[in-house]
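In what follows, a structure is listed as structure tokens, so that the remarks can point back to it.
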Amino acid sequence: MSTGTNRCVLITGTSSGIGLATAIACARAGWTTVATMRDTTRAVALNAAAEAAGVSLDIRVLDVTDDESVREGIDSVAAEHGRLDAVVNNAGAAHLGTLENDSLADIRACVEVNFFGVVQVSHAAMPHLRANGGRLLTISSVGGSVGQPFNEAYCAAKFAVEGFMQSLAPVARTVGVQVGVIEPAAVTSEFVANANVDVAAMVAQAGPYAPALTAYAQRVQAMYEADTGTSQTSDEVAAVVMETLTAPEMPFRTQTSNWARDFVGWSLSDLNGATVYEETRGWVS
């Protein structure tokens with residue numbers, strides 16, 4: 001990958017949270033930064049952050065679930081900037097629910113954004129990344145390695161992302177493209193709020209799952225409110241993204257905190273699943 005200051009990166013889902021912070025971090029590091037989102041009327045916070053940081057961004061519309069939007073968007077970036085050196089797949093959507101209470105449409109929508117959206121962007125970007133020895137980095141989650149209660153659809157999508165990218169990585173490397181995933185744990189951003197979840201209403205409609213959902217919701221709330229070392233800011237995650245993106249050799253899997261490393265480690269070394277099961281069972285009881 002080029003080491004000059006003309007390196008060009010495209011980031012999806014930059015209206016808030018990790019995507020916003022990563023766009024600012026890339027621009028500060030001297031990258032030509034294309035910050036994309038589905039609706040650019042939501043770029044107010046991003047523009048304010050760029051102004052405060054004294055950096056310039058190329059803000060564009062890109063809907064990861066729309067093939068035409070993805071292909072036209074990525075091709076136009078490569079044409080106008082002359083190159084595309086890196087893509088950060090960040091766009092995603094939280095989803096809270098469980099199998100019996102979810103609709104299949106809800107589950108499909110979650111997988112469409114969090115898995116197929118990543119694949120669609122990556123598919124369109126690969127020829128450009130291959131031309132420049134570029135990097136393809138996807139924001140996954142500890143939920144891509146550890147299945148978690150009431151997150152079946154979300155974790156399924158993230159597991160799929162990691163399986164897809166881990167399979168792609170050695171193949172892509174033969175043509176000069178490095179592939180990796182970032183695994184944050186809890187992040188204090190708008191991501192969870194954007195799930196549009198009314199927990200009280202969900203509990204009221206949860207039937208036999210109400211006690212488990214109540215216990216899970218209380219645990220999550222406590223985790224975000226307490227200083228337990230489990231949560232990070234978006235800026236802290238963005239700093240890890242930048243370190244990974246600019247490392248001489250990009251690792252495939254990078255966790256963003258010690259807690260995330262320990263958590264993922266349980267699953268990766270848990271051959272019969274008992275360790276993860278005993279841990280997560282305590283979240284719903």
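Keep in mind the model is a prediction, meaning the values are calculated, not measured. Just so you know, these numbers use all the heavy atoms, side chains as well, and skip hydrogens, waters and symmetry mates.
Annotation for S234 and A21: closest pair O-CB, 3.6 Å, computed over non-hydrogen atoms. Smallest separation of non-hydrogen atoms from G97 and E152: O-OE1, 2.9 Å. Nearest heavy-atom pair across A93 and Y154 is O-CD1, 3.6 Å. Taking all atoms of both residues into account, the shortest heavy-atom contact from V146 to C155 is O-SG, 3.7 Å. Here the closest non-hydrogen pair linking G73 and L62 is CA-CD1, 4.5 Å. Across all non-hydrogen atoms, the minimal contact from P127 to A124 is CD-O, 3.5 Å.
Under a 3.5 Å cut-off, the side chain of T174 and the backbone N or O of V171 do form a donor-acceptor pair. A donor-acceptor pair under 3.5 Å is absent between the side-chain atoms of N151 and the main chain of G147, judged by distance alone. Side chain of N6 to backbone of T32: no donor-acceptor contact under 3.5 angstrom is found. Between the D63 side chain and the S69 main chain, no donor and acceptor come within less than 3.5 Å of each other. S267 contributes a side-chain N or O that, together with a main-chain N or O of S145, makes up a donor-acceptor pair within less than 3.5 Å. At distances below 3.5 Å, not a single donor-acceptor pair connects side-chain atoms of N132 with backbone N or O atoms of G134. One N or O on the side chain of Q120 and one on the backbone of V64 form a donor-acceptor pair closer than 3.5 Å. Side-chain atoms of D270 do not come within 3.5 Å of backbone N or O of L268 as any donor-acceptor pair. Checked by atom type and distance alone, the side chain of R135 pairs as donor or acceptor with a backbone atom of L245 at under 3.5 Å.
Here the options are E243, R261, E236, Q232, the test is side-chain hydrogen bond (donor to acceptor under 3.5 Å, both in side chains), and the partner is T256; only Q232 passes.
Side-chain contact check for D262 versus Q255: every heavy-atom pair is 4.5 Å or farther apart. Using a 4.5 Å cut-off on side-chain heavy atoms (C-beta onward), K158 and Q148 make no contact. Side-chain contact between T14 and N90: absent, with no pair of heavy atoms (C-beta onward) separated by less than 4.5 Å. Within the 4.5 Å cutoff, no side-chain heavy atoms of N101 are placed close to those of M202. Taking 4.5 Å as the limit, every side-chain heavy atom of M165 sits out of range of all side-chain heavy atoms of S140.
Using a 3.5 Å distance cut-off with no hydrogens or angles, the side chains of H81 and D58 do pair a donor with an acceptor. In summary, the side chains of D235 and T233 do not present any donor paired with an acceptor at a separation below 3.5 Å, with no hydrogens or angles considered.
Within 6.0 Å of CZ in F252 there are more than 12 heavy atoms belonging to other residues, nucleotides or ligands. In the displayed structure, R38 atom CZ is contacted under 6.0 Å by at most 12 heavy atoms of other residues, nucleotides or ligands. Around atom CZ of F116, no more than 12 heavy atoms belonging to other residues, nucleotides or ligands sit under 6.0 Å away.
Using a 4.0 Å cut-off between charged side-chain N and carboxylate O, E249 and R173 make a salt bridge. A salt bridge between E162 and R253 is present, with a side-chain N of the basic residue lying under 4.0 Å from a carboxylate O of the acidic one.
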Inset, instruction - Step by step, work out the side chain to side chain contact (heavy atoms under 4.5 Å, CB included) result for T33 and T22. - result: CA-CA 10 Å; T33 302; T22 300; over 6 Å; no
Inset, instruction - Take D106 and S103 through the side-chain hydrogen bond (donor to acceptor under 3.5 Å, both in side chains) test and state the conclusion after the steps. - result: CA-CA 5 Å; D106 289 337; S103 70; 3.1 Å; yes
Inset, instruction - Go through V88 and T12 one step at a time and tell me if the side chain to side chain contact (heavy atoms under 4.5 Å, CB included) criterion holds. - result: CA-CA 7 Å; V88 179; T12 65; over 6 Å; no
Inset, instruction - Apply side chain to side chain contact (heavy atoms under 4.5 Å, CB included) to the pair Q178 and L129, showing each step before the final yes or no. - result: CA-CA 9 Å; Q178 296 189 47; L129 297 177; over 6 Å; no
Legend entry - From CA spacing to verdict: side chain to side chain contact (heavy atoms under 4.5 Å, CB included), L57, I24: CA-CA 8 Å; L57 301 171; I24 299 302; 4.2 Å; yes
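By the criterion of side-chain heavy atoms lying less than 4.5 angstrom apart, applied directly or through intervening Ile, Leu, Val, Met, Phe, Trp or Tyr residues, I139 is not grouped with V119; the two fall into different hydrophobic clusters. Clustering ILVMFWY residues whenever any of their side-chain heavy atoms sit less than 4.5 angstrom apart, transitively, puts V181 in a cluster other than the one holding L137. In the hydrophobic cluster analysis, where Ile, Leu, Val, Met, Phe, Trp and Tyr join through side-chain heavy atoms closer than 4.5 angstrom, W31 is grouped together with V241. M37 and V61 fall into different hydrophobic clusters, defined by Ile, Leu, Val, Met, Phe, Trp and Tyr side-chain heavy atoms under 4.5 Å apart, directly or through other members. V77 and V70 fall within a single hydrophobic cluster, where Ile, Leu, Val, Met, Phe, Trp and Tyr are joined by side-chain heavy atoms under 4.5 Å apart, directly or via other members.
Here the straight-line distance linking atom CZ of R71 with atom CG of D66 works out to 11.5 Å at 0.5 Å rounding. Rounding to the nearest 0.5 Å places CG of L46 at 12.0 Å from CD of E51. Atom CD of E183 sits about 10.5 Å away from atom OG of S257, to the nearest 0.5 Å. The distance from the CD1 atom of I18 to the CD1 atom of I182 is 9.5 Å, given to the nearest 0.5 Å. In this structure, M250 CE and T244 OG1 are separated by 8.0 Å, a value rounded to the nearest 0.5 Å. In this structure, CG on D85 lies 11.5 Å from CG on L10, to the nearest 0.5 angstrom.
Ring geometry for W266 against F263 counts as perpendicular: the plane angle is over 60°, on a 0 to 90° scale with 30° as the lower cut. Using cut-offs of 30° and 60° for the angle between ring planes, the Y216 and F150 rings count as tilted.
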